[in-house]
**Student:** 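I'd like to ask you about the structure that follows.
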Amino acid sequence: MPPNHQFVLLKNWSELTSLYNRLSPTVSASATSEWSDKRRFTQSKRVTLKHRSRMSPAKDSVVALPRTRKQRKRLKRKVKIMAKRRAQKLEKLKERENVTPLVKKYWLQRYDLFSKYDVGVKLDEEGWFSVTPEEIAARQAERCAGAGVVIDAFAGVGGNAIQFAKVCHRVVAVDIDPNKVQLAFHNAKIYGVEDYIDFIVGDFFQLAPFLKGDIVFLSPPWGGPSYKAKENFTLDLLKPKDGRSLFQVAQAITPNIIMYLPRNLDMLQASELSWLSSPPLDIEIEENFVRGNSKGLTLYFGDTAFTWLGM
């Protein structure tokens, strides 16, 4: 080793920097500053890596922080909502599997029949194709707004009775089928009008002499979906009795009668019903549509006719 070489023991970076300045006076201050920055960055990086090696057991591991009370509540609410939606979806799938081919078409129109269908509305097979669509039932009920007592002679699953109960003081819902009356009561509860309806299980023709009301609503069975095959639907095709007999029974209660009948009804026979009374009753015939499709005809007699004109 050459004797003219000297060795200096440097204890820290500061001494190294001082020595460099003495040996190289031409080095600019900016270069020295850059060098110091690099040294600080290296030290900082070393400390950071050392800190990470102590805190993180693995490079890709994630440390789960404890959730706040608000976050826990939000998570529970989200889980409940998801579970409820899953249950509703399964229920709909199960219900769709149980839908018979006869009512499949009407099941696809379920929200036209009852807007609150998803809340828990129930129908039997006949109810699917015999209930009045809600939009039409509501329009029919408007003619009875403020009436004292409305008698629904063939209540079925309650489509019309529910709408009458919204605008009238009292509704008497009659049906010969106990199961339909039970379904009607259930559906009325969903709409919150069960307290305004008196449900009666019985034959309207036998009960009529004992019933009193301001308006009678008649929507007798049309004979099932096959009524559409008739080019001209006549009143004698109605069940359980022909339309003339039915009208006369209702007329003994009140001259204010509303009938909901097929759209292919014989119009001449419909107008002849008003002549069963003396003097003849006022009559108005209205064609009912849902989403642009004709669904049926509503016949208004007596004071229910032309009420929209203020007559």
Side-chain angles (χ1 to χ4, degrees), residues 95-115 117 121-141 143 152-164 174-177 179-180 183-184 187 204-205 216-247 249-250 257-274 283-301 304:
E95 181 183 356
R96 189 167 185 174
E97 290 174 358
N98 295 331
V99 171
T100 63
L102 180 63
V103 302
K104 184 177 180 180
K105 169 187 173 181
Y106 302 95
W107 185 85
L108 296 174
Q109 303 172 18
R110 58 195 181 280
Y111 300 114
D112 292 334
L113 304 180
F114 287 97
S115 60
Y117 178 82
V121 169
K122 295 181 180 179
L123 303 90
D124 60 358
E125 186 174 72
E126 185 180 358
W128 279 105
F129 54 79
S130 63
V131 67
T132 306
E134 187 171 295
E135 182 180 343
I136 298 175
R139 181 171 178 81
Q140 293 165 344
R143 298 296 186 98
D152 188 351
F154 303 91
V157 295
N160 283 101
I162 290 171
Q163 298 304 319
F164 286 132
V174 181
D175 202 280
I176 198 169
D177 185 351
N179 183 51
K180 282 186 173 58
L183 292 173
N187 295 335
F204 172 70
F205 295 98
V216 174
F217 177 76
L218 303 173
S219 180
W222 299 351
S226 60
Y227 79 90
K228 300 175 184 177
K230 307 288 184 181
E231 183 177 352
N232 202 25
F233 190 93
T234 56
L235 292 176
D236 60 297
L237 294 175
L238 294 174
K239 306 296 181 181
K241 292 187 178 183
D242 66 275
R244 292 182 184 86
S245 299
L246 174 60
F247 189 85
V249 172
I257 301 170
I258 301 176
M259 296 185 76
Y260 183 54
L261 299 172
R263 60 179 181 265
N264 52 348
L265 176 69
D266 186 322
M267 301 300 288
L268 179 61
Q269 287 190 352
S271 61
E272 287 176 351
L273 289 174
S274 65
I283 179 175
E284 177 190 353
I285 301 177
E286 176 184 73
E287 186 172 7
N288 304 116
F289 294 84
V290 175
R291 300 181 185 274
N293 299 314
S294 179
K295 295 295 183 179
L297 298 175
T298 303
L299 281 59
Y300 299 95
F301 297 90
T304 64

**Student:** Quick check on side-chain contact (heavy atoms from CB on, under 4.5 Å): which of Ile258, Leu265, Ile257 does Leu299 satisfy it with?
**Tutor:** Leu265

**Student:** I'd like to check the side-chain hydrogen bond (donor to acceptor under 3.5 Å, both in side chains) partners of Glu287; sequence neighbours left out, ordered by chain and number.
**Tutor:** Ser294

**Student:** Taking the side chain as every heavy atom from C-beta outward, state whether Pro240 and Phe205 have any pair of such atoms under 4.5 Å apart.
**Tutor:** yes

**Student:** Considering only heavy atoms from C-beta outward, does the side chain of Val157 approach that of Trp128 to under 4.5 Å?
**Tutor:** no

**Student:** Among Tyr300, Phe204, Tyr260, Phe164, which residue meets the ring pair (Phe, Tyr, Trp, His ring centres under 6.0 Å) test with Phe217?
**Tutor:** Phe164

**Student:** Does anything in residues 124-133 pair up under salt bridge (Lys or Arg N to Asp or Glu O under 4.0 Å), and if so which pairs, sequence neighbours excluded?
**Tutor:** Asp124-Lys180, Glu126-Lys180

**Student:** I need the Ile285 CD1 to Ser271 OG distance, nearest 0.5 Å.
**Tutor:** 6.5 Å

**Student:** Working to the nearest 0.5 angstrom, can you tell me the gap between Asp266 CG and Asn232 CG?
**Tutor:** 4.0 Å

**Student:** What distance do Leu183 atom CG and Asn187 atom CG have between them, rounded to the nearest 0.5 Å?
**Tutor:** 6.5 Å

**Student:** With sequence neighbours excluded, what pairs up with Asn264 under the side-chain hydrogen bond (donor to acceptor under 3.5 Å, both in side chains) test?
**Tutor:** none

**Student:** Calculate, to the nearest 0.5 Å, the distance between atoms CZ and OH belonging to Arg263 and Tyr227 respectively.
**Tutor:** 4.5 Å

**Student:** Measure the shortest side-chain to side-chain distance between Met259 and Phe301 over non-hydrogen atoms and say whether it is less than 4.5 angstrom.
**Tutor:** yes

**Student:** Taking Arg110 for the side chain and Trp107 for the main chain, is one N or O donor matched with an acceptor at less than 3.5 Å?
**Tutor:** yes

**Student:** Using every non-hydrogen atom in the two residues, find where Gly156 and Ala184 come nearest and quote the distance to one decimal.
**Tutor:** O-CB, 3.6 Å

**Student:** Can you tell me how far the NZ atom of Lys239 sits from the CG atom of Leu246, to the nearest 0.5 Å?
**Tutor:** 13.0 Å

**Student:** For residues Ala137 and Gly159, report the shortest heavy-atom separation together with the two atoms involved.
**Tutor:** CB-O, 4.0 Å

**Student:** For Asp242, what residues pass the side-chain hydrogen bond (donor to acceptor under 3.5 Å, both in side chains) criterion, not counting sequence neighbours?
**Tutor:** Ser245

**Student:** By side-chain hydrogen bond (donor to acceptor under 3.5 Å, both in side chains), which residues pair with Asp236, not counting sequence neighbours?
**Tutor:** Thr234

**Student:** For Ala153 versus Leu218, what's the shortest heavy-atom pair and its separation?
**Tutor:** CB-CD2, 3.6 Å

**Student:** Which pair of heavy atoms, one from Asp152 and one from Ala161, lies closest together, and at what distance?
**Tutor:** OD2-N, 3.5 Å

**Student:** What pairs with Glu135 under salt bridge (Lys or Arg N to Asp or Glu O under 4.0 Å), at least two apart in sequence or on another chain?
**Tutor:** none

**Student:** Check whether any side-chain N or O of Asn160 sits under 3.5 Å from a backbone N or O of Ala155 as a donor-acceptor pair, and report yes or no.
**Tutor:** no

**Student:** Distance check, rounded to the nearest 0.5 Å: Thr132 atom OG1 versus Ile162 atom CD1?
**Tutor:** 11.0 Å

**Student:** Quick one: are Arg139 and Glu286 in side-chain contact, heavy atoms under 4.5 Å?
**Tutor:** yes

**Student:** Test side-chain contact (heavy atoms from CB on, under 4.5 Å) on Val249 and Val216; report intermediate values, then the result.
**Tutor:** CA-CA 10 Å; Val249 172; Val216 174; over 6 Å; no

**Student:** For side-chain contact (heavy atoms from CB on, under 4.5 Å), just list the numbers for Ile136 and Val290, CA-CA rounded to whole Å, side-chain angles, deciding distance to a tenth of an Å, and then say yes or no.
**Tutor:** CA-CA 8 Å; Ile136 298 175; Val290 175; 3.8 Å; yes

**Student:** If every non-hydrogen atom of Asp175 is compared with every non-hydrogen atom of Phe154, which pair is closest and at what distance?
**Tutor:** OD2-C, 3.9 Å

**Student:** Please check if the side chain of Gln269 supplies one atom and the backbone of Leu235 the other of a donor-acceptor pair under 3.5 Å.
**Tutor:** yes

**Student:** Ignoring hydrogens, what is the shortest heavy-atom contact between Gly223 and Ser226? Give both atom names and the distance.
**Tutor:** O-OG, 3.2 Å

**Student:** Taking Gln163 for its side chain and Ala141 for its backbone only, find out whether a donor-acceptor pair lies under 3.5 Å.
**Tutor:** no

**Student:** In terms of heavy-atom contacts, does NZ of Lys228 have more than 12 from other residues, nucleotides or ligands at under 6.0 Å?
**Tutor:** yes

